[in-house]
Amino acid sequence: MTSARPAAVKVGLIGYGYWGPNLARNLVEGPGLELAAIADARPERRALAARRHRWVRLYVDANDLIASDEIEALVIPTPLATHYPLARAAIERGKHVLVEKPLAGSRAEALDLAERADARGVRLMVDHTFVYNTAVRKIRSLVDAGDLGDLLYLDSVRVNLGIFQQDSNVIWDLAAHDLAILDHLIDERPVAISANGSALAGFKHENVAYIAVHYASGFLAHFHVNWLAPVKIRQMLLGGRQRMLLYDDMDQSDKVRVYDKGVDFDVLDEETRRQIFISYRAGDMNAPTLDRREALAAVVEEFAGAIAGRRAPLTDGAAGIRVVTMLEAADRSLRGEGRRITL
């Protein structure tokens with residue numbers, strides 16, 4: 001006799017704006033979760049949610065949804081300033097929480113959420129969507145296998161025209177994705193961050209920025225983020241001693257290209273370092289086959305699995321804290337005219 005399948009976890013979604021409909025669709029389609037309620041203060045967004053999800057209960061006030069005893073977990077794709085108060089209220093009600101990136105607006109808030117979730121025994125997860133991207137997962141597997149050799153640098157460009165955020169700058173919006181990827185790919189923890197940026201065209205927040213993340217080993221990560229670009233670019237280079245790769249998220253056929261190219265240094269005299277022989281390698285390019293699965297589907301599945309298995313999700317509170325720590329340090333460096341901030 002087979003045992004009955006466990007009942008799906010009833011989930012409430014707070015916010016049906018830009019990202020909310022994508023999450024709602026995946027909550028409906030994914031296993032282990034049931035979209036039971038949606039809260040949004042805007043009547044036109046509630047009307048849209050009602051047309052797409054006729055069975056869900058609708059709320060005007062997010063606090064009423066949080067207070068519902070029927071709801072076991074909450075998904076929060078809302079503006080950054082609301083992440084902490086909404087997530088805290090949900091955790092205090094004993095509900096599992098999935099928060100849109102970044103986890104909170106400060107390291108102190110992120111730490112507090114993680115501590116409260118641990119104390120209440122609920123799962124806290126951050127929607128670091130790109131960590132669940134099949135291309136990023138493939139890159140992580142190449143790193144783990146040692147295919148690239150010792151890692152030397154990561155160089156990233158994420159630019160487009162808009163979408164301008166009213167409560168944060170381009171670092172907290174766009175760089176949050178890249179810092180989450182960095183945190184996932186590189187096990188070594190950074191020691192310092194520096195950043196420069198400008199608020200251009202009359203905008204009150206920085207809309208162009210450059211960030212450098214420094215490591216004790218000498219590994220260096222650099223990020224360019226920009227809301228004022230005429231084209232959308234999503235490219236990342238990861239260089240190793242054995243091989244290098246290009247990750248282009250806009251390429252629909254070969255998102256990851258691995259190049260058998262590198263430079264070998266042969267230092268004959270360590271004392272004077274005057275004689276250095278350099279050999280260049282230029283081999284083939286390989287584009288590994290990737291699963292076409294939507295990253296957000298994997299996010300929702302991981303949330304369901306963490307709840308069912310009573311385990312920490314891949315992008316847990318600790319991952320959220322690390323990313324927010326880097327974002328906060330980059331912001332401090334901006335205010336300090338690019339000075340290096342020790343982590």
K.L.:
Verify salt bridge (Lys or Arg N to Asp or Glu O under 4.0 Å) between D251 and R257, making sure each step is shown before the conclusion.
P.N.:
CA-CA 10 Å; D251 191 323; R257 299 184 181 191; 3.2 Å; yes
K.L.:
Would a distance-only check, ignoring hydrogens and angles, find a side-chain to backbone donor-acceptor pair under 3.5 Å from H214 to P190?
P.N.:
no
K.L.:
Please list all pairs passing the side-chain hydrogen bond (donor to acceptor under 3.5 Å, both in side chains) test where one or both residues lie in residues 102-111, with sequence neighbours left out.
P.N.:
R107-T325
K.L.:
Not counting sequence neighbours, list each pair that qualifies as a ring-ring contact (aromatic ring centres under 6.0 Å, His included) and has a residue in residues 136-192.
P.N.:
F130-H177, F164-F203, F164-W227
K.L.:
Given side-chain contact (heavy atoms from CB on, under 4.5 Å), test V213 with F223 step by step and report yes or no.
P.N.:
CA-CA 8 Å; V213 184; F223 304 93; 3.7 Å; yes
K.L.:
Taking E188 for the side chain and S217 for the main chain, is one N or O donor matched with an acceptor at less than 3.5 Å?
P.N.:
yes
K.L.:
Strictly distance-based, threshold 3.5 Å: is any side-chain N or O of R123 a donor or acceptor partner for the main-chain N or O of I307?
P.N.:
no
K.L.:
Is it true that a side-chain atom of N26 and a backbone atom of N22 form a donor plus acceptor pair closer than 3.5 Å?
P.N.:
yes
K.L.:
Closest heavy-atom contact between L13 and G20?
P.N.:
CD2-O, 3.5 Å
K.L.:
Between the side chain of N207 and the main-chain N/O of L200, is any donor-acceptor distance below 3.5 Å?
P.N.:
yes
K.L.:
Hydrophobic side-chain clustering at under 4.5 Å (ILVMFWY, transitive links): who's grouped with I321? Put none if nobody.
P.N.:
L111
K.L.:
With side-chain contact (heavy atoms from CB on, under 4.5 Å) as the criterion, how do L58 and Y16 come out once you've worked through the C-alpha distance, each side chain's angles and the decisive distance to 0.1 Å?
P.N.:
CA-CA 11 Å; L58 298 174; Y16 201 75; over 6 Å; no
K.L.:
Got a sec, which hydrophobics cluster with V157, joining ILVMFWY side chains under 4.5 Å apart, including via others?
P.N.:
V159, V231, I233
K.L.:
Going by side-chain hydrogen bond (donor to acceptor under 3.5 Å, both in side chains), name the pairs with one or both residues in residues 64-75, residues two or more places apart or in two chains.
P.N.:
D69-R93
K.L.:
Looking at R234, K232, R158, K255, which hits salt bridge (charged side-chain N to carboxylate O under 4.0 Å, His left out) with D249?
P.N.:
K255
K.L.:
For A37 and I71, which heavy atoms make the closest approach, and how far apart are they?
P.N.:
CB-CD1, 4.1 Å
K.L.:
Test your reading of the model: is there a side-chain donor-acceptor pair from S333 to the backbone of A330, 3.5 Å cut-off?
P.N.:
no
K.L.:
Do the side chain of S168 and the main chain of D173 share a donor and acceptor less than 3.5 angstrom apart?
P.N.:
no
K.L.:
Flag the pair D187 and R140 as a salt bridge only when some basic side-chain nitrogen lies within less than 4.0 angstrom of an acidic carboxylate oxygen.
P.N.:
yes
K.L.:
Does the pair E92 and R116 meet the rule for a salt bridge (Lys or Arg N to Asp or Glu O under 4.0 Å), with working shown?
P.N.:
CA-CA 8 Å; E92 288 304 299; R116 289 176 185 274; 3.2 Å; yes
K.L.:
With sequence neighbours left out, which residue pairs that include part of residues 41-87 fulfil the ring-ring contact (aromatic ring centres under 6.0 Å, His included) condition?
P.N.:
H53-W55
K.L.:
Walk me through it: do Q165 and D167 pass the test side-chain contact (heavy atoms from CB on, under 4.5 Å)?
P.N.:
CA-CA 6 Å; Q165 305 297 319; D167 63 343; 4.2 Å; yes
